[in-house]
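Chain letters run A, B, ... following the sequence lines, proteins first and then strands; every chain starts at 1.
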Amino acid sequence: MKSPQKEIPYFESVYDVVQLIPFGRAASYGDISNYLSLGSARMVGWAMNKSFSTKHVPAHRVVNRKGELSGRTHFPTPDMMQELLEGEGIKIEDHRIVDWENVRWDPSRELL
DNA sequence: CACTTGACAACAA
DNA sequence: CTTGTTGCCAAGT
């Protein structure tokens, strides 16, 4: 083995945080990447794309900084993401989370 | 190895 | 609203 240590896939870190998102809340790509202090918001989206084909990650709880369901187009069906969020008590309007600032879950801020 | 793409962020105009 | 720019990093071609 050339690598003495097993380098943790960046994606794994992302999955971990995403799965920590509590019920009825949502996190933004930027907040996650900020919490990891690594990579960038793009990597989070990339990880989700892969994770959705390999892991069970509540990707529906991950939205962009405006609270828009930007990733809904990558779901099996675009409506699925909204239905899942509404099923958790989150209101969606025009593909955006209503009262986003209230549902927003920032790991580095609320994960005490 | 070079270039492009991507579920983004943030700002400028 | 759109378009452009910069930063960021992995994967695909």
**Message:** From CG of L85(A) over to C1' of dA7(B), roughly how many Å is that when rounded to an integer?
**Reply:** 13 Å
**Message:** Just the rounded figure in Å: distance from P of dC8(C) to CG of N34(A).
**Reply:** 14 Å
**Prompt:** Taking the side chain as C-beta and beyond, is there a heavy-atom pair between F11(A) and K55(A) under 4.5 Å?
**Reply:** no
**Request:** Could you check which of dA7(B), dA10(C), dC8(C) has an atom nearest any side-chain atom of H74(A)?
**Result:** dA7(B)
**Prompt:** What integer distance in Å separates F11(A):CZ from dA7(B):C1'?
**Reply:** 12 Å
**Message:** Using heavy-atom distances to pick each residue's nearest nucleotide on DNA chain C, tell me which of M43(A) and E68(A) is more 5'.
**Reply:** E68(A)
**Prompt:** What integer distance in Å separates I32(A):CD1 from dA9(B):C1'?
**Reply:** 13 Å
**Request:** Measure the distance from CG on L36(A) to P on dA9(B) and round it to the nearest whole Å.
**Result:** 14 Å
**Request:** Quick one: closest heavy-atom pair of L36(A) and Y10(A), and the distance?
**Result:** CD1-OH, 3.9 Å
**Asked** Hey, does N49(A) reach any base, or is it just sugar-phosphate, or nothing, if we go heavy atoms under 4.0 Å?
**Response** base
**Item:** Nucleotide dC11(B), atom C1' - distance to NZ of K66(A) in whole Å
**Value:** 11 Å
**Base-pairing mate for dC1(C) - Watson-Crick or G-U, with both contacts under 3.5 Å** = none
**Asked** Looking at the side chain of F52(A), which of dA7(B), dC9(C), dA9(B) is the nearest nucleotide?
**Response** dA7(B)
**Asked** Which value, in whole Å, describes the distance between the C1' atoms of nucleotides dG12(C) and dC1(B)?
**Response** 14 Å
**Request:** Identify whether any heavy atom of A59(A) sits under 4.0 Å from a base atom; if not, whether one sits that close to sugar-phosphate; answer base, sugar-phosphate or nothing.
**Result:** base
**Asked** Across all strands, who's sitting opposite dA7(B) as a Watson-Crick or G-U wobble pair, both distances under 3.5 Å?
**Response** none
**Request:** Using atom CE of M48(A) as one end and atom C1' of dA11(C) as the other, report the distance to the nearest whole Å.
**Result:** 16 Å
**Asked** What are the two closest heavy atoms between P76(A) and F52(A), and how far apart are they?
**Response** CD-CE2, 3.6 Å
**Complete:** Between V62(A) and M81(A), the two heavy atoms sitting closest are O-CE, 3.4 Å
**Request:** Could you tell me the separation between the OH atom of Y10(A) and the C1' atom of dA7(B), rounded to a whole number of Å?
**Result:** 13 Å
**Request:** Let me know, please, whether R65(A) or R72(A) comes out on the 5' side of the other along DNA chain B by nearest nucleotide.
**Result:** R72(A)
**Message:** Checking contacts here: which listed nucleotide (dA7(B), dA11(C), dC9(C)) is nearest the side-chain heavy atoms of K50(A)?
**Reply:** dA11(C)
**Message:** Just by distance, no angles: are the side chains of D16(A) and S13(A) close enough, under 3.5 Å, to form a donor-acceptor pair?
**Reply:** no
